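Report on one structure; see the data block that follows.
Naming: A, B, ... by sequence-line order, numbering from 1 per chain. All values derive from a computational prediction rather than experimental measurement.
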Number of protein chains: 2
Amino acid sequence: MTPGHLSRRSLLGLLGGGAAAVGVGGVGGAAVARATETGDDDSGTVAFHGEHQAGITTPAQDRLHFAAFDVTTTSRDELVAMLKEWTAAAEAMCAGRDVGEGGTAGGPAQAPPSDTGEAFGLPAAKLTITVGFGPSLFTDAHGKDRFGIAAQRPAALADLPAFPGDALDPERSGGDLCVQACADDPQVAVHAIRNLARIARGKANVRWSQLGFGRTSTTSTSQSTPRNLMGFKDGTNNLKLEDAGALAKSVWVAPGDGPDWMAGGSYLVARRIRMLIEPWDSTPLAEQERVIGRTKGTGAPIGREKEFDALDLEATGPDGSPLVDEKAHVRLAHPSTNGGAELLRRGYSFTDGTDGLGRLDAGLFFLAYQRDPRAQFVRIQTSLAGRHGDALNEYIQHNGSGLFACPPGVRPGGWWGEGLFATT
Amino acid sequence: MTPGHLSRRSLLGLLGGGAAAVGVGGVGGAAVARATETGDDDSGTVAFHGEHQAGITTPAQDRLHFAAFDVTTTSRDELVAMLKEWTAAAEAMCAGRDVGEGGTAGGPAQAPPSDTGEAFGLPAAKLTITVGFGPSLFTDAHGKDRFGIAAQRPAALADLPAFPGDALDPERSGGDLCVQACADDPQVAVHAIRNLARIARGKANVRWSQLGFGRTSTTSTSQSTPRNLMGFKDGTNNLKLEDAGALAKSVWVAPGDGPDWMAGGSYLVARRIRMLIEPWDSTPLAEQERVIGRTKGTGAPIGREKEFDALDLEATGPDGSPLVDEKAHVRLAHPSTNGGAELLRRGYSFTDGTDGLGRLDAGLFFLAYQRDPRAQFVRIQTSLAGRHGDALNEYIQHNGSGLFACPPGVRPGGWWGEGLFATT
């Protein structure tokens, strides 16, 4: 290992040991804190480059910082330059390196550090950074082609319809760009969003952002199913990275699905779903289980014994009524109710303090990847939404929403959006 | 181990394995999910009982959920009953057990579960729950004795003065009670606050709460110094649990310091300190280091080599000017500048989305324990506050504040506030 290939962790050891020649504001322009790109087992690195973007089927990390951006520049060249700079910064951070040449403390003393520093000394913590393009990046509210890419807008990136019961806050919805940063250390995820926001300054502003503290899904059979803030296991039947056939069918955009630049990409739907915690906590166990359609302790479907026992929507009890309620969440969200539609869910729990009435502002930040939102999220949510839909609607409220086209993975030397902007 | 002594983790194993007789809504009133009180090494349990409350000198856990409550009942008996119920619930949760007899899913099907369930299956994660009493619990805004304890209000629990530059938001300040929940798993900390808030319903409401995602202090020599969101190491010279002499001098209230019920307790000052991230990130490295008084890479005092090298406030450079700036944060906060006053800091970083202008609402949730705030926090903050004080003031803003008297530890069979309410 040469001095040019130090991970943040290794560097910390050096600095802590008193290697005062490095990093104390003296080494102008030196390349500080570099790690090998192939990753470092000890620091939990997820490869940045690949056919698909990382952070979609990557086994769900524990923490999230998600941000939606408004692009403020009207210059296509500035936007492209920013996306290139984002890509380089993300590649460095996902490898456990500082952003930029000087990093936290190795640049010229009279310039701002090229990295904000709060992740200095921390391992990569399986950081992934996933980028998406919102409908409004292609055409503005008046239908104007903002950056000469309107013709490349996929039909699948159709604005989501209004669903019955939606209570969307415009300040928590939409966005021209999104960045999903997931890591096992929240400081690493926050650091990633902050440094990208810093690079964006003057070209794009954070429109809204959301911290998630606990994953509510598993995207790999190697993970155990977590519980959401309703206390129930969530994501038992989620799509898993081990099922390549299901991913090809339901997650990855195929060549011919739409414009070429999206092949290998995926569409992301984000919904901020507040849980009405206080009424839920006052609800009897049997009613909670009826609403969800699973037992609370084991997570087994009603009438079954184990979590992964198959859901039998036809089963009836002694009185002939269905064991799984007609309006149970698991029934209405089930593929068999929705023409086989499935989603790769990747949500996180959030708790954002209390509202003006002393109630917890807490819930589930729902993230779902899919091949075509029209046939998947929209279809499923149409089954669920409204007072005649999901029994769960009495206890939740959708108050934020976003839709983004996440391009395919970046090849070494490439950049986010290259396919989109190179073809137009 | 008997079935009456199952930890949440053990129970999960049972349920996951299909022990359907337990926890599936069928075992009315059964004692579910109990662990031995002596703790479980595997699940990282911190002892709840002791001379002092846990969560003060306990090596700082990684995550925080803090809540301040307004007491709404006017009945002393109801308040006492609630404090007893809180104590029992906290004792259970800190041992990795569910709240109440039925727990997540073991109670009567027609009653709400006695535990909200989202920590079911998680280890205790070193959970500590620390309680304090605000000035307003003793006397209301008109000086009225609310619960017959006004005469027991310590002189040290004097309202904090207004400091120059304060921009306190009443909705993020004050409170009759506070609860600090710290754990290595945020879901465990959030679960603790939520279940206490649920117990409080009808007697006390959450006034404000704060999630902290990363500790910014170490309270033990066994921990490494973390970085705050300014990218600097924070808390290098914090008081440490290994220094019993310093704790006796500066943290624990001694018999004779005030009313007997506080002996063995400590006073907590909480301040929500927003960092003005964008200006800070645009500031040259040399200026950042001048403002703090330490180098960013190693954390060493300016002019020294290693983090723990002693701060020399008298040292001068070649031109005769002080190496550590006259207004540097470390100088003005240093004990030698403040008559020897020191604090046990236990702060956490926060990021609460963005404000209306697209700027990160992020910073440091400052928590500090001390023997007498008048001689410690107030003295130090008087040195720091205002435009003629700490150079850091240009980059921070105090927008929340709380002061609480945290009673001594609970003995087995005792309850929070027993000393206070038993003597009056």
Side-chain angles (χ1 to χ4, degrees), chain A residues 15-16 18 20 22-25 65 104-113 116-118 120-121 186-187 190 194 197-198 201 205-211 213-214 227-232 277-278 281-286 288-289 295-298 305-307 349 351-354 358 360, chain B residues 15-16 18 20 22-25 65 104-113 116-118 120-121 186-187 190 194 197-198 201 205-211 213-214 227-232 277-278 281-286 288-289 295-298 305-307 349 351-354 358 360:
Chain A
L15 291 172
V22 185
V24 193
H65 195 186
T104 296
Q110 297 314 318
T116 59
E118 71 271 28
F120 191 60
Q187 185 125 337
V190 165
R194 176 184 179 186
R198 185 184 178 207
R201 215 158 292 157
N205 287 337
V206 175
R207 177 180 173 87
W208 54 273
S209 73
Q210 182 66 54
L211 233 68
F213 64 79
R227 287 175 189 273
N228 63 27
L229 292 185
M230 292 188 148
F232 277 76
I277 293 284
E278 291 75 11
D281 286 350
S282 306
T283 300
L285 176 62
Q288 292 186 1
E289 294 181 336
T295 51
K296 197 163 190 178
T298 61
E305 281 193 16
K306 299 180 191 172
E307 180 191 352
S349 292
T351 298
D352 292 340
T354 43
L360 279 177
Chain B
L15 291 171
V22 185
V24 194
H65 196 186
T104 295
Q110 298 313 319
T116 58
E118 70 271 26
F120 191 60
Q187 187 124 336
V190 165
R194 175 184 178 185
R198 185 183 178 208
R201 217 158 291 158
N205 287 338
V206 175
R207 177 180 173 85
W208 55 273
S209 72
Q210 181 68 53
L211 234 68
F213 64 80
R227 288 176 189 271
N228 63 26
L229 292 185
M230 292 187 147
F232 278 77
I277 293 285
E278 291 76 12
D281 285 350
S282 306
T283 300
L285 177 62
Q288 291 187 1
E289 294 182 335
T295 52
K296 197 163 190 179
T298 61
E305 282 192 13
K306 298 181 191 171
E307 180 191 350
S349 291
T351 297
D352 291 341
T354 42
L360 279 175

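- Heavy-atom pairs under 4.5 Å with chain A peak, among Arg201(B), Arg194(B), Gln187(B), Gln210(B), at Arg194(B).
- Per-residue heavy-atom pair counts under 4.5 Å with chain B were compared for Gly214(A), Ala111(A), Gly353(A), Gly358(A), and the maximum is reached by Ala111(A).
- Across all their heavy atoms, Gly297(A) and Ala105(B) have their closest contact at N-CB, 3.5 Å.
- Considering only heavy-atom pairs separated by less than 4.5 Å from chain A, the leading option among Pro112(B), Gly231(B), Gly117(B) is Pro112(B).
- Residues Ser349(A) and Glu118(B) fail the side-chain proximity criterion, which asks for heavy atoms closer than 4.5 Å.
- The residue among Glu278(B), Arg207(B), Met230(B) with the most heavy atom pairs within less than 4.5 Å of chain A is Glu278(B).
- Taken from OG1 in Thr104(A) to CG in Leu285(B), the straight-line distance is 9.5 Å, to the nearest 0.5 Å.
- For Leu229(A), the parts lying near chain B are the backbone and the side chain together; criterion is any non-hydrogen pair under 4.5 Å.
- Using a 4.5 Å cut-off between heavy atoms, Thr283(A) contacts chain B through its backbone alone, with no side-chain atom that close.
- Residue Asn228(A) touches chain B through its backbone alone, counting heavy-atom pairs closer than 4.5 Å.
- For Gln288(A), the part lying near chain B is the side chain, with the backbone staying farther off; criterion is any non-hydrogen pair under 4.5 Å.
- When all heavy atoms of Pro284(B) and Ala109(A) are compared, the pair lying nearest together is CB-O, 3.6 Å.
- Contacts between Gln110(A) and chain B at a heavy-atom distance below 4.5 Å involve backbone atoms as well as side-chain atoms.
- Nearest approach of Lys296(B) to Thr116(A), heavy atoms of both residues: NZ-O, 3.4 Å.
- Heavy atoms of Arg198(A) lying under 4.5 Å from chain B belong exclusively to its side chain.
- Each of Asp281(B), Thr354(B), Asn205(B) has some count of heavy-atom pairs under 4.5 Å with chain A, and the biggest count is that of Asp281(B).
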